[in-house]
Asker: 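Handing you this structure, nothing more for now.
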Amino acid sequence: MIVLVTGANRGIGREVCRELAALGHTVLLTARSPEAAETTARELGGDVVPLRLDVTSEEDIAGVAAAVAERYGRLDVLVNNAAITYDTWQSGASADLDVVREAAETNLYGPWRLIQELLPLLRESAHPRIVNVSSEAASLTNMGGGTPAYGTTKVALNALTRMLAAELRGDGVLVNAICPGWVATDMGGPGGRPVSEGAAGVVWAATLPDDGPTGGFFRDGRPLPW
């Protein structure tokens, strides 16, 4: 299986790459810094291939798509993990909308562009999967105040998940949103659960059987309310 993971030089993305490589899959580990991608791939070992990818760069996205097409001719799984701006210092009533726009470039438009560019390669797969790493902070059912840039952009990512799951069902592409939970990472901060536990749900969605769910929102393999 050929798997591409964005934002994969640290945190949940790094652990997802480690776990998938340990299962014997070819993992394309992407990061904005090519040096960081190369260092992380070397540390992980296994069949892990480093690639430079800033998801806000149309040039980078086109370059990655061309590289995957030339080297493999298909992509089995896309894991949209890259995200920014867990803005605990903001409230919706007074949010800096420039911060929100910047967050949307990475958290929403980046995955959206990447899916559009890589969809022809996913359609070449016998078992195509798209995994959008989301957050329970995007659950409208449980939503309160705070983190307006992060929350609204993840809500939009969830909406994109539902939309694409419906549109791509006929192609056999399973599209799901996964909340890893509060995980002790650079973004999540100390006190969260181990990164391996957060990554496990992402790996679960990446390796679903053909009759697995699509258009769902899950944590630890169990549905979350939208």
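Just so it is clear, the structure is predicted and the values come from calculations on it, not from any experiment.
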Asker: Using a strict threshold of under 4.0 Å (side-chain N to carboxylate O), is an ion pair present between R101 and D96?
Answerer: no

Asker: What's the spacing between M143 CE and E136 CD if we round to 0.5 Å?
Answerer: 10.5 Å

Asker: Working to the nearest 0.5 Å, report the span between CD of E43 and CG of L29.
Answerer: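 It is 10.0 Å, given to the nearest 0.5 Å.
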
Asker: Which pairs pass salt bridge (charged side-chain N to carboxylate O under 4.0 Å, His left out) with one or both residues in residues 171-182, sequence neighbours excluded?
Answerer: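 Listed once each, the pairs are R123-D171.
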
Asker: Any chance the side chains of T161 and N132 put a donor and an acceptor closer than 3.5 Å?
Answerer: yes

Asker: Can you name the ring-ring contact (aromatic ring centres under 6.0 Å, His included) partners of F217, sequence neighbours left out?
Answerer: W226

Asker: Are the side chains of L122 and I130 in contact, using a 4.5 Å heavy-atom criterion?
Answerer: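 When only atoms from C-beta onward are counted, L122 and I130 do touch, with a gap below 4.5 Å.
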
Asker: Distance only, no hydrogens: is a donor on one side chain within 3.5 Å (strictly under) of an acceptor on the other, for N158 and S134?
Answerer: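 The criterion, which ignores hydrogens and geometry beyond distance, is satisfied for S134 and N158.
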
Asker: So, E59 and S57: side-chain donor and acceptor under 3.5 Å apart, yes or no?
Answerer: no

Asker: I'd like to know whether V5 forms a side chain to side chain contact (heavy atoms under 4.5 Å, CB included) with L78, so could you lay out the CA-CA distance, the side-chain angles of the two residues, the decisive distance to 0.1 Å, and finally the verdict.
Answerer: CA-CA 6 Å; V5 185; L78 170 60; over 6 Å; no

Asker: Can a salt bridge be assigned to the pair D60 and R113 using a cut-off of 4.0 Å between side-chain N and carboxylate O?
Answerer: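 No, this pair does not count.
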
Asker: Check L20, I2, V49, V77 against V27 for a side-chain contact (heavy atoms from CB on, under 4.5 Å) and give me the one that passes.
Answerer: L20

Asker: So for atom CD, which belongs to E102, do other residues, nucleotides or ligands contribute more than 12 heavy atoms lying within a distance under 6.0 Å?
Answerer: no

Asker: Could you tell me the separation between the CD atom of Q90 and the OG1 atom of T147, rounded to the nearest 0.5 Å?
Answerer: 9.5 Å

Asker: What do the steps show when you test D87 against T85 for side-chain hydrogen bond (donor to acceptor under 3.5 Å, both in side chains), and what is the final call?
Answerer: CA-CA 5 Å; D87 51 331; T85 316; over 6 Å; no

Asker: Can a salt bridge be assigned to the pair D76 and R74 using a cut-off of 4.0 Å between side-chain N and carboxylate O?
Answerer: yes

Asker: Going by atom types alone, do D47 and T26 pair a side-chain donor with an acceptor below 3.5 Å?
Answerer: yes

Asker: Apply ring-ring contact (aromatic ring centres under 6.0 Å, His included) to Y109 and list each qualifying residue two or more places apart in sequence or on a separate chain.
Answerer: none

